[in-house]
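Read through the structure below, which is laid out as structure tokens, and then see the notes.
Since this is a predicted model, take the numbers as computed values, not measurements. Worth knowing before you read on, the calculation uses all heavy atoms, side chains too, and leaves out hydrogens, waters and symmetry mates. In each ligand, atom 1 is the first atom listed, and ligand 1 is the first ligand listed.
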Amino acid sequence: MAGPAAAWWSDAVVYQIYPRSFADSDSDGIGDLPGIVERLDYLAQLGVDVLWLSPVYPSPHDDNGYDISDYQDIDPLFGTLADFDRLLEAVHGRGMKLVMDLVVNHTSDEHAWFTASRDGGPTGPRRDWYIWRPPREGMQPGTPGAEPNNWESWFSGPAWTFDEASGEYYLHTFSRKQPDLNWDNPEVRRAVHAMMLWWLQRGVDGFRMDVINLISKDPALPDGIVPEGSRYGFGHPYYVCGPRIHEYIAEMHREVFARHPRRLLTVGEMPGVTVEEAKLFTDPARRELDMVFQFEHVGLDQGPGGKFDARPLRLTDLKASLGRWQTGLAETGWNSLYWNNHDQARVVSRFGDDSPAHRDRSAKLLATVLHLHRGTPYVYQGEELGMANAPFASIDDFRDIESLNHHREQSALGTAGETILDGLRRRSRDNARTPMQWDAGEHAGFTTGTPWIAVNPDHTTVNAKAQLADPDSVFHYYRRLIELRHTEPALTHGDFHMLHPEHEQLYAFTRHDPATGTELLVLANFGGTTLTVDLPDGWDHSDTLIANLPATSPLTSPHTLRPWEARVHRRTR
Ligand code: GLC
């Protein structure tokens, strides 16, 4: 079959490593590349096909490495280029692939490109590599409101920082130490392409592309609408999938991906992307990207107050959203499937139930639902153990710039400390960044030094060592799901059909592969109470493919599902 269904990554599972928190080999409290090498057998045992490494490049670490000061080296915190080559060889030696994080919407303000752009002044040769603008007319430069437009940074505060020396502002959609590159400048694009080719020649197998749909800005940089209660304007309409985005991605495909003989994986991180846009990005005929990360489903438990205003998830919303992406990218394009990454709170705490009675079961249920969808599943480190959110006691326990800025901003506005902390506990990115829980020992076997962020105290019971030894663990359940992705073609190719979309507690769907006649039925009880469901016709006495609880009786309609029970059945038609 031509098209995306035939691509090698269509039956692959990707595992994301956040190196800083994965495994520390030199006791400085920060994970590193040799630490990853030591744990590759664990990942091979899990059975994943591809590793995606969050950034390991030199960086001042204002945003934990997503602020890169040199694209063609390794930060000494993580090791050396020689360590990287050893890691790559060891990954390939185990039949896995390695995908790099590509962060090119912005650099660090300590990158030589930016220092040249800043220090050369308004007429300097590198000035136009970044987005510089004079202050708003009639305003005192450097004072609030004098910014060239009213956009807010994703990390709180204005999206512009004033440079005294030149009297101009530079744009940063993220922190002030992450100036946005000017993609409208062809020299910038050529420099990025050359850097990407350099990594491909070194042997890497593709890229996860950080906020790549933000690279094309409306050149007029218009003011955004100011939402009620905010000091800043909403700039997204002017740079989320901006005017030249498809041109730039297609050019990158031509100049980089198409020039490379090896089979790559490219995935674009795209906040705010719609199904229609995603279809354009991932239509193989258009030669842009293999798949994108969309954010709709991880925003469904957010209230009107923004990211830290957590609300309970309504299952009907989740099904409507994921279902729409399934059908939207059915004929053309491809989905990536994820619950977790280094920016999201832990899914078992968020959409599952992390109390001791239901934790493992709900972690397995979430895994079942996600891995049975059509698309490429991503597992974020520790998700395969059912790692949960951390019990942060005070603001001193947080490390993330987004969380700390939010806390500072809200405190200044007079929001009660406990209210701010409550939001952070539920939604802070630091929940994903506590160290990987390898064993029950001190610091969870992550480091023999002092970890840069505290380990979750629950590592005494939730850890890899214990789970490897227990055939019924969350780890072994993930391992079986990953194996199914490799052995059951209906997971890759089957059509997706949602059942009972209006049911508040049941997530049920079928996958049907016309080529083999195999049909799968997925039943998941998203809650702590039992549930009786009517089965569609023809499923009585069908075989169990995988389930998070042993069956007590053959499948017959009506069927009772126990709390957080998930079952997958198979038949041929
Ligand atoms: C992406 C990354 C996030 C980072 C941001 C700015 O969303 O995943 O961690 O802070 O981009 O680079």
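- For the residue pair S69 and E110, no side-chain donor N or O sits within less than 3.5 Å of a side-chain acceptor on the partner.
- Within 6.0 Å of CD1 on I225 lie no more than 12 heavy atoms contributed by other residues, nucleotides or ligands.
- Heavy atoms of F155 come nearer than 4.0 angstrom to ligand 1 in at least one pair.
- Judged as a side chain to side chain contact (heavy atoms under 4.5 Å, CB included), and not counting sequence neighbours, the contacts of R426 are A310, D422.
- When the heavy-atom distances from atom 11 (O) of ligand 1 to N105, N64, D210 are ranked, the shortest goes to D210.
- Of the listed residues (H106, H111, H193), just one forms a ring pair (Phe, Tyr, Trp, His ring centres under 6.0 Å) with Y71, and that residue is H111.
- In this structure, E402 falls outside the shell of residues with a heavy atom less than 4.0 angstrom from ligand 1.
- Here the heavy atom of the protein found nearest to atom 8 (O) of ligand 1 is D343 OD2, 2.5 Å.
- Neither the backbone nor the side chain of M270 comes within 4.0 Å of ligand 1, counting heavy atoms alone.
- Atoms of ligand 1 lying under 4.0 Å from any heavy atom of V211, numbered from 1 in the order shown and given with element: 1 (C), 7 (O), 11 (O).
- The protein non-hydrogen atom at the shortest distance from atom 7 (O) of ligand 1 is E269 OE2, 2.9 Å.
- Set against the non-hydrogen atoms of R429, the atoms of ligand 1 under 4.0 Å away are 3 (C), 4 (C), 9 (O), 10 (O).
- For the pair D184/R244, a side-chain contact is recorded, criterion being any heavy-atom separation below 4.5 Å from C-beta on.
- Contact check for F155 versus Q178: side-chain heavy atoms found under the 4.5 Å cut-off.
- Among F295, W154, F293, F174, the residue whose heavy atom lies nearest to atom 5 (C) of ligand 1 is F174.
- Scanning all protein heavy atoms for the shortest distance to atom 10 (O) of ligand 1 gives D63 OD2, 2.5 Å.
- Y378 pairs with exactly one of W339, Y478, F293, W9 by the ring pair (Phe, Tyr, Trp, His ring centres under 6.0 Å) rule, that one being F293.
- Using a 4.0 Å cut-off to heavy atoms of H106, the atoms of ligand 1 that qualify are 6 (C), 12 (O).
- Note that R399 lies outside the cation-pi zone of W452, set by a 6.0 Å cut-off to the ring centre and a 45° limit from the axis.
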